[in-house]
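In what follows, a structure is listed as structure tokens, so that the remarks can point back to it.
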Protein chains: 2
Amino acid sequence: MALDRDHVLRSAAALLTRKSTATMDEVAKAAGISRATLHRHFAGRDALVRALEALGIAECEAALEAARLDEGPAAEAVRRLVRAIEPAAGLLAFLYTENQLFEGDGQNQGWTRIDDRLTALFRRGQESGEFRIDLTPAWLTEALYGLLASGAWAVAEGRVAANDFTYMIVELLLGGARRTDTPRRKES
Amino acid sequence: MALDRDHVLRSAAALLTRKSTATMDEVAKAAGISRATLHRHFAGRDALVRALEALGIAECEAALEAARLDEGPAAEAVRRLVRAIEPAAGLLAFLYTENQLFEGDGQNQGWTRIDDRLTALFRRGQESGEFRIDLTPAWLTEALYGLLASGAWAVAEGRVAANDFTYMIVELLLGGARRTDTPRRKES
DNA sequence: CCGCATTGAGACATCAGTGTCTCATTCGGG
DNA sequence: CCCGAATGAGACACTGATGTCTCAATGCGG
């Protein structure tokens, strides 16, 4: 039952990542169950989306833990973070755009906690002198979300190779497009 | 009439930018006309969205023209471009996410043209030695879209000051978060 | 083998949004 | 001033999705 629920949740995530307007029928079919059973797990579409949000938050926090944001150079922590969060990027992209709809009304405070930890990471990088100080931590956090979503879509549509996902995002976020005097090492 | 249509289109853009699921009623009300009149201008919701897409494409191409992408350093061209496209960023964000739904089926070829010109700009920067070559032009183009959308939302929700929009996007896209040995000039 | 629980299939009512229509009103140019 | 075009208000039918319900079939443990 609990396992079932998790399986349903994950296939729903996979489907809605691709087609964010998918029907309850489609979600049920994707999970290999009937619509009736789907309704037995999740009271309705809202409940499903909220469960997906909880899943996304949980995966984010797991990635935050796995990346050990406090250890070592902030840049390396960012790289570990993106690598850890990559499998959830599609779900994140879905939730990121979905959240643009719930304008104003109380957003899940789980996101706030995650935002805080990301912001703290970027601030740590600034205070250690690794990161420039003219880009606010809030903006860097927002940009990270945006790049994760763009990356997930670009990969989904074949415009970027799946293998390059982490590298492309991390390098752009940290190093930007401009070529610097001291070339950076290419690390896959 | 033609003026009317344009006014309707622009208020629809402004509304849908904020609430992408707004009803035809709401769109009509936002434009200060009745739903009947709205239907006289646009056959249906699809037609409205397609018209908005055309508007977005037109504004993008106008910005591409205004930015004179072929002139001067590619980095400066990017800066001019973002500055020129800033007013349309909200509409772009709407269309960008909207397009994730039209999965596969023929997307407007206007976007292809715009993509090509952006890609060409980044490639020019690479060939002139300004930009690094390990980030593909296709990814830089995608990332630009993502950052424009993130920026528009961040500004809309007050997480980033509207004045910083262009600077934040351009600096992150070109320079990244990492601090370089030779500090860059801050240009507002 | 039996009984209980879960499931799938489908019927059903409901609801929101849409698209079409009518009709009275308003507005502007001739 | 008057006529025609455009508009607003609203009624209407239709569609698609949703949520609820029933019932038969399946399956599993005792």
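To find a chain, count down the sequence lines: A is the first, B the second, and so on, and within it residues start at 1.
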**OP:** Spell out protein contact along nucleotides 8-21 of chain D as letters: B when the base is contacted, S when just the sugar-phosphate is, - when no protein heavy atom is under 4.0 Å; keep the 5' to 3' order.
**Re:** BB-B-----SBBB-
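- Between the A:R124 side chain and the A:L69 main chain, a donor and an acceptor come within less than 3.5 Å of each other.
- Taking five base pairs at each end of the helix from C:dC1-D:dG30 to C:dG30-D:dC1 and finding the rotation axis that steps the C1' atoms of four pairs onto the next four gives two axes whose angle is 20°, to the nearest 10°.
- With sequence neighbours left out, the salt bridge (charged side-chain N to carboxylate O under 4.0 Å, His left out) criterion links B:E59 to B:R10.
- When only modelled atom types and interatomic distance are considered, B:T166 and B:E86 share a side-chain donor-acceptor pair under 3.5 Å.
- The distance from atom NZ of A:K29 to atom P of C:dG8 is 12 Å, rounded to the nearest whole Å.
- Look at CZ on A:R5: it is 14 Å from P on C:dT7, rounded to the nearest Å.
- A:L135 and B:M168 make their closest contact through CD2-SD, 3.8 Å (heavy atoms, listed as atom of the first residue, atom of the second, distance).
- Under the salt bridge (charged side-chain N to carboxylate O under 4.0 Å, His left out) criterion, A:E157 pairs with A:R159, sequence neighbours left out.
- With sequence neighbours left out, the ring-ring contact (aromatic ring centres under 6.0 Å, His included) criterion links B:Y145 to B:Y96.
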What donor-acceptor contacts under 3.5 angstrom involve side-chain atoms of residues 43-56 of chain B, with partners at least two apart or in another chain?
| unit_1 | atom_1 | unit_2 | atom_2 | d |
| --- | --- | --- | --- | --- |
| B:R45 | NH2 | B:A22 | O | 2.3 |
| B:E53 | OE2 | B:W111 | NE1 | 2.9 |

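- Taking CG from A:L64 and CG from A:D116, the interatomic distance works out to 11.0 Å, rounded to the nearest 0.5 Å.
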